[in-house]
Number of protein chains: 2
Amino acid sequence: MPKWKGGDVLTSDAMPDVVAEGPTPTRSSARGRPVATSHAAIEQAAFRLFATHGFAGTTMEAIAREAGVGKRTIFRYYQSKNDIPWGRFDRTLDHFRALLAEQADDLPVHTAIHRGVVEFNRFPADARPPHRERMRLILTTPELQAHSVLRYAEWRRVIAEHVALRTGARPDDLVPQVAGHVSLAISLSAYEAWLAEPDADAPGLPEIIDRAMAGLQSYLSG
Amino acid sequence: MPKWKGGDVLTSDAMPDVVAEGPTPTRSSARGRPVATSHAAIEQAAFRLFATHGFAGTTMEAIAREAGVGKRTIFRYYQSKNDIPWGRFDRTLDHFRALLAEQADDLPVHTAIHRGVVEFNRFPADARPPHRERMRLILTTPELQAHSVLRYAEWRRVIAEHVALRTGARPDDLVPQVAGHVSLAISLSAYEAWLAEPDADAPGLPEIIDRAMAGLQSYLSG
DNA sequence: TCCATTTTGGCATCGAGTGCCATTAGTGTG
DNA sequence: CACACTAATGGCACTCGATGCCAAAATGGA
């Protein structure tokens with residue numbers, strides 16, 4: 001689903017982030033004891049271990065050891081073990097909002113949403129492998145599959161708000177909610193099909209999302 | 001989503017169940033030590049505590065004490081704490097399958113599915129309050145929301161298989177999967193709207209599911 | 001150098017979940 | 001009726017995720 005802004009396991013920032021939300025250490029000034037690690041470092045350590053021992057087989061203790069910090073510190077960077085594979089997903093919702101906003105006004109709402117979703121899932125070639133690996137982990141590990149609902153809810157909210165804005169409804173009304181849920185349904189179907197493909201290239205995510213949407217249209221037409 | 005066959009907190013069987021799956025104690029003959037409790041008794045005890053202390057505030061120890069059995073025994077009836085509010089959902093999937101199968105052959109697939117889903121969610125008046133309470137708990141408790149994905153996946157599978165059968169595709173193909181995901185999307189939107197209503201009566205679940213489907217059609221039409 | 005500031009990480013604790021196994025309470029048989 | 005047979009029970013120990021608490025560490029600035 002997501003296009004991560006930061007937290008990429010391979011390329012991301014090694015510096016602590018300056019955000020004012022969640023358990024992320026906020027660095028308002030340069031005073032005080034300096035941070036000992038970063039989201040990127042923790043994710044790298046974690047993915048290294050996940051690859052060899054699996055998600056369930058990797059303890060938080062082990063991740064802490066691999067990252068060279070205390071277990072307690074890991075929990076200050078990530079609320080839970082399940083949050084680690086998601087990286088810093090929260091940041092990307094702003095990006096998603098922007099993508100939706102920049103779609104042409106004269107498009108039908110569902111088309112604007114669809115295009116926004118497609119763009120949201122367009123990645124440069126070099127970002128594809130780690131993205132794929134991340135999503136594979138999330139979508140095939142039961143604990144993570146379950147946990148991801150909470151993330152999806154935030155993502156759906158972005159859509160519901162956009163639809164509400166464009167149709168004059170409230171975000172909690174039925175149609176905006178349906179739009180959010182159905183967009184997620186399309187995306188998840190597409191991701192599953194994408195991951196089922198043997199070659200990491202084949203049709204890309206954007207194409208598959210288009211197909212999934214076309215599939216829905218044909219399904220609903222009879 | 002579900003129409004539970006057994007495990008109803010108010011009306012269900014007080015006898016151990018004869019099923020051959022999961023951690024449910026299988027009673028093949030009448031020999032051996034008799035069971036000390038039942039799914040129904042455990043659920044009743046659990047819901048009593050959930051009502052006063054909330055889900056997170058209720059420990060498995062407490063549920064065991066309330067039910068008059070050992071904690072270890074509770075875990076033989078339910079794989080996890082999260083499974084308790086779901087009752088014996090697995091049983092209802094057979095019922096759902098039957099409902100889909102009995103829809104007229106000449107209906108368009110999406111119509112047959114929709115009708116099956118609607119029927120699946122039609123309850124006699126006296127079953128409504130406990131059902132509503134159960135779903136309220138599941139859909140408003142984060143842990144349970146997350147956990148429910150695993151149940152939904154089984155439910156979606158039933159739809160995907162039916163669509164595959166009727167269209168000559170395989171269950172894992174894109175369109176059947178999309179059908180499953182989208183049906184779930186509709187159902188969840190409907191449930192949320194249903195729970196948001198102050199009165200337990202107002203429009204019933206079947207009506208709201210119809211509206212959600214109509215909402216999707218209008219959304220996709222522009 | 002001392003202070004304010006901020007992160008760190010150790011420790012204790014809780015609760016979910018699991019493996020192990022002796023105990024219990026029935027049924028069927030001689 | 002006593003004795004084996006059978007199957008559920010429940011206690012115990014243990015692992016692991018998660019959280020609260022707090023002293024220690026490490027920096028910039030006065």
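In what follows, chains are A, B, ... by sequence order, proteins preceding strands, each numbered from 1.
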task = Please work out whether the ring planes of B/Trp155 and B/Phe96 are parallel, tilted or perpendicular, with thresholds of 30° and 60°.
result = parallel
message = Rounded to whole Å, how long is the line connecting atom CD1 of B/Ile74 with atom P of D/dA8?
response = 16 Å
key: ring pair (Phe, Tyr, Trp, His ring centres under 6.0 Å) partners for A/Phe55, two or more places apart   = A/Phe50
ask   = Between D/dA8, C/dG17, C/dT8, which one does the side chain of A/Ala36 approach most closely?
value = C/dT8
remark   = B/Arg136 meets the salt bridge (charged side-chain N to carboxylate O under 4.0 Å, His left out) criterion, sequence neighbours left out, with B/Glu133
request  = Write down the distance between CZ (B/Arg72) and C1' (D/dA13), rounded to a whole number of angstrom.
outcome  = 12 Å
task = Using side-chain hydrogen bond (donor to acceptor under 3.5 Å, both in side chains) as the criterion, list what pairs up with B/Arg65, not counting sequence neighbours.
result = none
inquiry  = Strictly under 4.0 angstrom, non-hydrogen atoms only: write out the protein contact profile of nucleotides 21-30 of chain C, one letter per nucleotide from the 5' end, B, S or -.
reply    = --BBBBSS--
Qualifying residues under side-chain hydrogen bond (donor to acceptor under 3.5 Å, both in side chains), relative to B/His181, sequence neighbours excluded = A/Ser189, B/Arg156
inquiry  = In this structure, how many angstroms lie between the P atom of C/dT7 and the NZ atom of A/Lys71, rounded?
reply    = 21 Å
task = Report the residues that fulfil salt bridge (charged side-chain N to carboxylate O under 4.0 Å, His left out) with B/Arg151, sequence neighbours left out, ordered by chain and then residue number.
result = B/Asp83
task = Would you indicate, yes or no, if C/dT8 has its OP1 or OP2 atom less than 4.0 angstrom from a side-chain nitrogen or oxygen of A/Tyr77?
result = yes
query = Any idea which of D/dA18, C/dT8, D/dT9 is nearest the B/Thr73 side chain?
reply = D/dT9
